[in-house]
Novice: 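Handing you a structure now.
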There are 2 protein chains.
Amino acid sequence: MTTARERPTLEAVARRAGVSRATVSRVVNGSTTVAEPIQEAVRRAVQELGYVPNLAARSLVTQRTDSIALVLPETATRVFSDDQFFPGIIRGVSQELEAADKQLVLMIAGSAASHARVERYATGRHVDGVMFASVHGADPLPSTLVRSGIPVVCSGRPMGQVSVPVPYVDVDHIGGVAKAVRHLLELGRRRIATIAGPQDMIAGIDRLAGYRDELRDSGRRSLIAVGDFTRESGALAMRQLLDDDPDLDAVFVASDLMAHGALRTLREAGRRVPEDVAVVGFDDIEMARYTDPPLTTVRQPIQEMGREMTRQLLRMAAGEDIGHAVVLPTELVLRESA
Amino acid sequence: MTTARERPTLEAVARRAGVSRATVSRVVNGSTTVAEPIQEAVRRAVQELGYVPNLAARSLVTQRTDSIALVLPETATRVFSDDQFFPGIIRGVSQELEAADKQLVLMIAGSAASHARVERYATGRHVDGVMFASVHGADPLPSTLVRSGIPVVCSGRPMGQVSVPVPYVDVDHIGGVAKAVRHLLELGRRRIATIAGPQDMIAGIDRLAGYRDELRDSGRRSLIAVGDFTRESGALAMRQLLDDDPDLDAVFVASDLMAHGALRTLREAGRRVPEDVAVVGFDDIEMARYTDPPLTTVRQPIQEMGREMTRQLLRMAAGEDIGHAVVLPTELVLRESA
DNA sequence: CTGAAAGCGCTAACAA
DNA sequence: TTGTTAGCGCTTTCAG
């Protein structure tokens, strides 16, 4: 038996302090309209009894829980993979939530079952709002939640039909790519290829779109290979590009991890970077500074995205009506590879 | 305004279906003692109204929330660091919780403020139990929670005074080290050093103790340098060991990451592994298979630790009295380095 | 400034 | 098998 001696209730504290439940409640919640000596007595009783408010009872009447869910729609393995996307988001979210004195609850929801459980949890009002760190393809969960009246914000523009618009925060993929490609053009590169990301994620789609737009504007032909954001796929895609056009002199790679793979392939093929082939990545992950040569890449403010997402959510939870989308700027970081 | 039209209550569903609240509750909770046609009617009403039970109200009366917290007492940055400890734990925990249809809520609690918030959250009975993925030094939170009557289990034996015993699951560090050292002895190594981990973590302490015990039993002298489980510290410690005793012919390193650093130092010092110096690590992280040479190491069942911890917690939450500690076996994995 | 009273939405005896 | 009733522990008018 867990010797959990009966937990004291407000009632018990009230009796002990010789006041009413209402008064205890006021003191516990920091109301200033209670006479100092009474406050004192109540606080002592709370102390002596080891009273802790029952949150379920409280939120039953207040309709708030003061906690917010951040859903990581991935398996544990992917959440904890190389790149620092999730930690960045979490840090940003934590900062804002800390400031607002709300509790962050993280939910990993890679499987269908856990997806369903998250839905129950959120629609059951266990949390005051839900944020999604990344959204997959046309995952219906965000809009389901929106429809049920829960405040929701996604990081990353959700794809799919917008029967219900889901608020989101994203970074300016297209603008970032534009800067990258223009930089390559200014370097005098003539034959600029790309290694694109998976086309079922907005990051993959937008970054490819940005490349296409920019090349079209400069009147050049596209040269595209598709990877899945992993190092291996980058190496493979680079091999393929080289086969398709041995004369290429630059490549924009839609993620640093893939760019790392591409560098390896280029080295194996005897191409010098950046002399023969200039390489630009995207993400500015830690590792980009340690590749050989260090990677010119596009930096996105991941942490800021987490913060902005949280600010929006808190506003919504407070009943404010808010704008539907926020897009944060990206920035080109020059290093030796281009 | 978030157009959250009034959420329907049990009452509303009952009226609509022309039955009592109790009956609706029974259907919603899957009681079999309700006539089929009535179940049908209730389900239709639920559907039409889009009814979702209010979890706060439910847990107010049931005294359960069907969700369990897993506290990660680290900053986001450390949680998402190289080694796969946390993901392993999370995977194990998720599996068991999924089977029990409980919701996992992850809480990152690196700061003091978040520590306090976790305490409020748990003692406020927002969750039915709390697990700790790793415990730091003499963190008082686990025992605080135990004292307040909440089921708690730690992964990793908690240090510090045991005014209240905290249940835990750990791996057999000492046994694992014993196997490693004995292996080196059987290889005929005479001068076996160690690179120990930080002495404010149980893993650091136990692994050093294991080394000491085993060397003492074989009548040899200890040779010790201390690192902090990082690669760099391992490289440094190895340098120091070589300076202390150039004749050493084996080293047991308390973590694979440090062992990786040590390998680099050995190579730089012109020592061949394993010919001149045999190296054994601990953890069996992914990378151990890709070092040069691949690392002989001690494998610990991380995921199993998560599972076992969860099983214990669920038993406690169900009111069972349970054993206080569980220790899982470790295993020596032979590769080329020793 | 304090207390009495009325629920918040749900479950679980207990009757019928 | 179904309904009635009494709360779970808290906040919040509304009087005093």
Side-chain angles (χ1 to χ4, degrees), chain A residues 4-43 45-46 49-67 120-121 123-126 128 148-149, chain B residues 4-43 45-46 49-67 120-121 123-126 128 148-149:
Chain A
R5 61 192 177 300
E6 292 302 303
R7 313 187 75 219
T9 68
L10 252 202
E11 177 71 49
V13 177
R15 263 201 311 272
R16 176 108 177 190
V19 297
S20 74
R21 262 153 54 212
T23 299
V24 177
S25 174
R26 290 190 185 103
V27 174
V28 169
N29 293 292
S31 162
T32 50
T33 68
V34 177
E36 186 48 56
I38 296 204
Q39 287 199 34
E40 188 52 37
V42 169
R43 265 194 283 272
V46 165
L49 265 36
Y51 168 74
V52 179
N54 179 317
L55 266 22
R58 175 179 287 169
S59 61
L60 181 56
V61 30
T62 60
Q63 308 279 33
R64 288 181 299 101
T65 63
D66 290 327
S67 48
R120 260 195 290 161
Y121 195 83
T123 55
R125 299 296 184 177
H126 243 322
D128 298 338
S148 86
Chain B
R5 62 192 177 301
E6 293 302 304
R7 312 187 75 218
T9 66
L10 252 201
E11 178 71 50
V13 177
R15 262 200 313 273
R16 175 107 178 191
V19 298
S20 73
R21 264 154 53 215
T23 298
V24 177
S25 174
R26 290 189 187 105
V27 174
V28 168
N29 292 292
S31 161
T32 49
T33 66
V34 178
E36 185 48 53
I38 297 206
Q39 287 200 33
E40 189 51 38
V42 169
R43 266 193 283 271
V46 165
L49 264 35
Y51 169 74
V52 180
N54 179 317
L55 267 20
R58 176 181 285 171
S59 63
L60 182 55
V61 32
T62 60
Q63 308 278 34
R64 290 180 299 101
T65 64
D66 290 326
S67 50
R120 259 195 291 160
Y121 195 83
T123 56
R125 298 296 183 173
H126 243 322
D128 297 338
S148 86

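Quick caveat, the model's predicted, so the values are computed rather than measured. Just so it is clear, the values below take in all heavy atoms, side chains as well, and ignore hydrogens, waters and symmetry mates. Protein chains get the first letters and strands the later ones, always in sequence-line order, with residue 1 at the start of each.
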Novice: Specify the closest pair of heavy atoms between B:V19 and B:I38, including all atoms of both residues, with the distance to one decimal.
Specialist: CG1-CG2, 3.9 Å
Novice: Test of understanding: with side chain to side chain donor-acceptor pair (under 3.5 Å), list the residues that count as partners of B:T123, not counting sequence neighbours.
Specialist: none
Novice: What are the two closest non-hydrogen atoms of A:A14 and A:V24, and how far apart are they?
Specialist: CA-CG2, 3.6 Å
Novice: Using five base pairs at each end to define the local axes, how bent is the helix from C:dC1-D:dG16 to C:dA16-D:dT1, to the nearest 10°?
Specialist: 40°
Novice: What pairs with B:T32 under side chain to side chain donor-acceptor pair (under 3.5 Å), at least two apart in sequence or on another chain?
Specialist: none
Novice: D:dT11 C1' sits how many Å from A:N29 CG, rounded?
Specialist: 8 Å
Novice: Enumerate the residue pairs fulfilling side chain to side chain donor-acceptor pair (under 3.5 Å) with a member in residues 11-21 of chain A, sequence neighbours excluded, ordered by first and then second residue.
Specialist: A:R16-A:E48, A:S20-A:T23
Novice: Taking any atom closer than 4.0 angstrom to a non-hydrogen atom of chain A, what span of DNA chain C does the protein reach, first nucleotide to last?
Specialist: C:dC1 to C:dG9
Novice: Give me the distances for all protein-to-nucleotides 2-4 of chain D N/O pairs that come in under 3.5 Å?
Specialist:
unit_1: D:dT2; atom_1: OP2; unit_2: B:A35; atom_2: N; d: 2.6
unit_1: D:dG3; atom_1: OP2; unit_2: B:S20; atom_2: N; d: 3.1
unit_1: D:dG3; atom_1: OP2; unit_2: B:S20; atom_2: OG; d: 3.1
unit_1: D:dG3; atom_1: OP2; unit_2: B:T23; atom_2: OG1; d: 2.6
unit_1: D:dG3; atom_1: N7; unit_2: B:R26; atom_2: NH1; d: 3.4
unit_1: D:dG3; atom_1: N7; unit_2: B:R26; atom_2: NH2; d: 3.4
unit_1: D:dG3; atom_1: O6; unit_2: B:R26; atom_2: NH2; d: 2.5

Novice: Suppose the criterion is side chain to side chain donor-acceptor pair (under 3.5 Å): which pairs have a residue in residues 51-63 of chain A, not counting sequence neighbours?
Specialist: A:N29-A:R58
Novice: Looking only at heavy atoms, which two atoms of A:A17 and A:A45 are closest? And how far apart?
Specialist: CB-CB, 4.0 Å
Novice: My understanding is that only residues two or more places apart in sequence, or in another chain, count here; which of them pass side chain to side chain donor-acceptor pair (under 3.5 Å) with B:S67?
Specialist: B:T65
Novice: So, for A:G124 and B:V52, which heavy atoms are closest and what is the spacing to 0.1 Å?
Specialist: N-CG1, 4.0 Å
Novice: Check the distance between D:dG9's P and B:H126's NE2 and give it to me in whole angstrom.
Specialist: 16 Å
Novice: Could you give the CG-to-C1' distance, from A:D66 to D:dC10, as a whole number of Å?
Specialist: 14 Å
Novice: Send over the distance from B:N54 CG to D:dC8 P, rounded to a whole Å.
Specialist: 18 Å
Novice: Applying salt bridge (charged side-chain N to carboxylate O under 4.0 Å, His left out), which residue pairs with at least one partner in residues 26-35 of chain B are found, sequence neighbours left out?
Specialist: none
Novice: Tell me the closest heavy-atom pair linking B:R43 and B:V27, and the distance in Å.
Specialist: NH1-CG1, 4.1 Å
Novice: Tell me: CG of A:L55 to C1' of D:dT11, nearest whole Å?
Specialist: 13 Å
